[in-house]
Amino acid sequence: MKKKHWILGLAVMLVGCAKMGQPDGGWFDEQPPRVIKSIPSDEATNVKTKKINIFFNEFIKIENTTEKVVVSPPQLEMPEIAGAGKRIKIELKDSLKPNTTYTIDFSDAISDNSEGNPLGNYTFTFSTGDVIDTLEVSGYVINSSNLEPVKGILVGLYDTTEFKHSTFREKPMLRVSRSDSYGKFIIRGVAPGTYRIFALQDADGDYCFAQKSEMIAFSNDIIVPTYMPDVRQDTLWQDSLHISSIKQVPYTHFLPDDIVLRAFTEVQTDRHFLKSERKDPNRFTLFFSYGSDTLPALRGLNFNERDAFIIEPSEKKDTITYWLRDSLLINQDTLRVEMSYMATDTTGVLVPQKDTLDILPKVSFEKRQKQKNREYEDWKKKQEKAKKRGEKYLETMPAEALKAEWKAPSLMSPDQNIFVELPAPLKSADSTMIHLYSKHDTLWYRAPHLFRQIKNEPRKYELLGEWHPGIEYSLEVDSAAFTDIYGRVSEKFKQGFKIGSLDSYSTLLFTINGMQDTTIVVELLDKNDKAVKKISTKDGKVEFYFVKPEIYYLRMFIDSNGNGLWDTGLYDDNKQAETVYYYPDKIECKAKWDISMSWTPSDKNLQRQKPGALIKQKGEKEKTIKHRNADRARAMGIQYIEGQN
């Protein structure tokens, strides 16, 4: 049982006449559990046993062992780790390596059972040889694409004297750690030497890069662990709000402690057929794990495939949609096809493959007909009622219209355009039936415009105009401007909109230092980390015009291949993902403001660049003593000094 604080006891006696009784339920236990012994002892050498028992002075609990407890060297067979009353039992399943330091890093997984007081970061160490290795290396793992902290990824070392490029794929790492919610890692128990460092989101538990889907990070830098004496500040708290004192505490500073690993997932180039889908009766879609310039060849087994489809591949050609031309095929519930395509075999080579598919619609032809009959009966009743009332009625049920989806906001920026998406491939599009008018004073005039199809988007079009700030426009589209392959025609459309005045926008000018003669892509981001404007530049000069008054952020990446897209890395080619930077502060844009700013991306470490408001992987709150006794004593007017037993 823990000792009472003697000053607290004396204070209670002195105020006994004024303060009636003790606090309800007694004082809280605010002491963390303490290790009283272990078998074998901590930092023992020449250890032969694989069973470890750690004993505490009170009942304890251990949480999230699979996430927080890391054994190094890595264990291919999962060790058994469990709390039992006042002890932790550990049994290693792998054979012990000779002359090796073992560390069992519990992080903050251990706390007392009654109040949850954390033991703090605790590591148990032993050696199977005569020496305990004590060096450490530490740093951070961040996502290459967005600088988010990567939680729970393994970080490990390889000895450079035994390392080849294939080692990461073939052999487990020598010593490992796991990153916390801040992306921070500490690899302990490292022997003097030179190392290469890697990170791995290990999917199969083999501690090496065996699957292309595993997120990885690597550095070509040589890691040389070392240390030096240093001093840090330790804060003692009077209570949960007030600091009692700050002490200068000598400690051993292990280096390097500033490693930054940029994790990425390689493009999955293995090609396999995933599935077929026919949500609508007039089309079906084939899904592949990766695209190919050679599209699948289809042979109809219960229909004639010649001229049966309009083929619509996605930009990456990994998703291919087949629109059925013939209504007989649309009404056919089962389309049986033989598909010939290129697929990756077990050696990673593309080889011809054939599959037979039965492609069925989500709703059968019979159910669709019943629905149409119900709709017809409902329409007929409405027309009969209209006829009896002497109102206008239709002799025949109107044909289904082609629903063109226009995207024309009522207020547009001068650098915006209007888009339209069609629900099916078109047979014809008559741009002469699309009219644009602008209003000057009180009169409407024809306005010049260009209507064109968007590249690689066969059913999407854009309307470009000479937009003048502060001017009203009217877009008017005649009926039957579009006709799809099923003979459906579009309806009449009209919408007015206005271009915002120059006074309602901000202009943002950035000079990015150190990026001259380098192709970079700079993105203006909203509060959700989504790009709202993007520009490519080679001289470090960035200009964003017509910026709406909002809070923004800035991200850029080095466009190494000049394709305008962020590209991931490839380990076999020793290629890192393209480097991403974040401007570390928010940018407030207001109407009529012209903002000029300068930014040197290399001024701040990558793991500290992304503004906290954008970070989605929030760090977990550190487990601490709650200081409830001090808070209670202060409320009672009793003096309390923490830590005096």
Do Tyr473 and Tyr437 make the cut of ring centroids closer than 6.0 angstrom?
-> no
Please examine the side chains of Tyr552 and Leu508, heavy atoms only from C-beta on, and report whether any two atoms are closer than 4.5 Å.
-> no
Mind listing the closest non-hydrogen atom pair of Met412 and Ile418 along with its distance?
-> SD-CG1, 3.8 Å
Side chains of Tyr322 and Leu298: does their closest heavy-atom pair fall under 4.5 Å?
-> yes
Looking only at side chains, do Asp415 and Trp467 share a donor and an acceptor under 3.5 Å apart?
-> no
Phe309 ring center within less than 6.0 Å of Phe284 ring center | yes
Distance-only, no hydrogens or angles: does the Gln416 side chain make a donor-acceptor pair with backbone N or O of Ser413 under 3.5 Å?
-> yes
Hey, would you say the Phe168 and Tyr571 ring centroids sit under 6.0 Å apart?
-> yes
Other residues, nucleotides, ligands: >12 heavy atoms within 6.0 Å of Lys439 NZ = yes
Verdict with supporting geometry, Asp503 and Ser501, side chain to side chain donor-acceptor pair (under 3.5 Å) = CA-CA 5 Å; Asp503 287 346; Ser501 65; 5.4 Å; no
Ser364 and Glu366: side-chain donor and acceptor closer than 3.5 Å?
-> no
Should we count NZ of Lys538 as having more than 12 external heavy atoms under 6.0 Å?
-> no
Identify whether the distance between the nearest side-chain nitrogen and carboxylate oxygen of Arg299 and Glu305 falls below 4.0 Å.
-> no
Hey, does Asp202 have a side-chain heavy atom less than 4.5 Å from the side chain of Glu214?
-> yes
Electrostatic pair Glu277:Lys275 at N-O distance under 4.0 angstrom = yes
Asn143 side chain to Ser145 backbone, donor-acceptor under 3.5 Å | yes
For Arg608, does the CZ atom have more than 12 heavy-atom neighbours from other residues, nucleotides or ligands under 6.0 Å away?
-> no
Any donor-acceptor pair under 3.5 Å linking the side chain of Gln609 with the backbone of Pro601?
-> yes
Do other residues, nucleotides or ligands put more than 12 heavy atoms under 6.0 Å from Tyr376 OH?
-> no
Does CG in Asp517 sit with more than 12 non-hydrogen atoms of other residues, nucleotides or ligands closer than 6.0 Å?
-> no
Minimum-distance pair of heavy atoms, taken over all atoms of Ile142 and Val150 | C-CG2, 3.6 Å
Please determine if Glu148 and Lys616 form a salt bridge, counting it only when a charged side-chain N lies under 4.0 Å from a carboxylate O.
-> no
Between Asp484 and Arg488, is there a side-chain N and carboxylate O pair less than 4.0 Å apart?
-> yes
Apply side-chain contact (heavy atoms from CB on, under 4.5 Å) to the pair Met597 and Leu509, showing each step before the final yes or no.
-> CA-CA 6 Å; Met597 305 183 77; Leu509 308 176; over 6 Å; no
Please indicate whether Lys575 has more than 12 foreign heavy atoms, meaning atoms of other residues, nucleotides or ligands, lying under 6.0 Å from its NZ.
-> yes
Any Lys/Arg nitrogen of Glu588 or Lys590 sitting under 4.0 Å from an Asp/Glu carboxylate oxygen of the other?
-> yes
Should Leu295 and Ile320 count as side-chain neighbours, where that means a heavy-atom distance under 4.5 Å?
-> yes
Between Leu402 and Pro423, is any pair of side-chain heavy atoms under 4.5 Å apart?
-> yes
Residues Glu312 and Arg283 bridged, charged N to O under 4.0 Å | no
With Arg271 as the cation and Phe288 as the aromatic partner, state whether NZ or CZ is under 6.0 Å from the six-membered ring centre and within 45° of the axis.
-> yes
Report yes or no: do Glu457 and Gln453 form a side-chain donor-acceptor pair below 3.5 Å?
-> no
Would Gln371 and Arg368 count as having a side-chain donor-acceptor pair, cut-off 3.5 Å?
-> no
Is the backbone N or O of Ser438 less than 3.5 Å from a side-chain atom of His440, with the two atoms forming a donor-acceptor pair by type?
-> no
Asp585 versus Tyr553, side-chain donor and acceptor atoms under 3.5 Å | no
Test: Glu391 and Arg389 ion pair at under 4.0 Å | yes
Please step through salt bridge (charged side-chain N to carboxylate O under 4.0 Å, His left out) for the pair Lys151 and Glu620, ending with a clear verdict.
-> CA-CA 10 Å; Lys151 176 185 176 183; Glu620 295 175 359; 2.8 Å; yes
Assert yes or no for the condition that the ring centre distance of Phe493 to Trp406 is strictly below 6.0 Å.
-> yes
Asp478 side-chain N/O to Ala481 backbone N/O, donor-acceptor pair under 3.5 Å = no
Atom of Ala199, atom of Ile153 and distance for their closest heavy-atom approach | CB-CD1, 4.0 Å
Under the side-chain contact (heavy atoms from CB on, under 4.5 Å) criterion, do Lys407 and Val420 qualify, and how do the steps go?
-> CA-CA 6 Å; Lys407 296 179 181 178; Val420 63; over 6 Å; no
Could you check Asp270 against Tyr290 for side-chain contact (heavy atoms from CB on, under 4.5 Å), going step by step and ending with a plain yes or no?
-> CA-CA 6 Å; Asp270 287 353; Tyr290 192 70; over 6 Å; no
Is the closest side-chain heavy-atom distance between Asp529 and Arg555 below 4.5 Å?
-> yes
Can you find a heavy atom in the side chain of Phe303 that is under 4.5 Å from one in the side chain of Val337?
-> yes
Does any donor atom in the side chain of Ser314 or Asp318 lie under 3.5 Å from an acceptor atom in the other side chain?
-> yes
Show the numbers, then the answer: is there a side-chain contact (heavy atoms from CB on, under 4.5 Å) between Glu550 and Cys589?
-> CA-CA 6 Å; Glu550 292 285 351; Cys589 292; over 6 Å; no
Measure the shortest side-chain to side-chain distance between Tyr581 and Ile558 over non-hydrogen atoms and say whether it is less than 4.5 angstrom.
-> yes
Carboxylate-amine/guanidinium proximity below 4.0 Å for Lys362 and Asp280 | no
Please say whether more than 12 non-hydrogen atoms of neighbouring residues, nucleotides or ligands are located less than 6.0 Å from NZ in Lys618.
-> yes
Heavy-atom pair with the smallest gap, counting every atom of Ala424 and Arg459 | C-CD, 3.4 Å
N/O donor-acceptor pair under 3.5 Å between Thr319 side chain and Phe287 backbone | no
So which heavy atom on Ile485 is nearest to which on Leu324, and how close?
-> CD1-O, 4.4 Å
Indicate whether the side chain of Thr432 and that of Asp430 have a donor and an acceptor atom separated by less than 3.5 Å.
-> yes
Just checking, any donor-acceptor pair under 3.5 angstrom between side chains of Asp567 and Asn561?
-> yes
Are Glu523 and Lys533 ion-paired here, with the side-chain N under 4.0 Å from a carboxylate O?
-> no
With distance as the sole test, does Ser506 use its side chain to make a donor-acceptor pair with the main-chain N or O of Trp593 at under 3.5 Å?
-> yes
Do other residues, nucleotides or ligands put more than 12 heavy atoms under 6.0 Å from the CG atom of Asp293?
-> no
Between the side chains of Thr511 and Ser598, does any donor sit under 3.5 Å from an acceptor?
-> no
Can the ring centroids of Phe510 and Tyr583 be said to lie less than 6.0 angstrom from one another?
-> yes
Of all the heavy-atom pairs spanning Tyr582 and Pro611, show the shortest one and how long it is.
-> CD2-CD, 4.0 Å
Under 3.5 Å, side chain of Asp559 to main-chain N/O of Asn563, donor-acceptor pair present?
-> yes
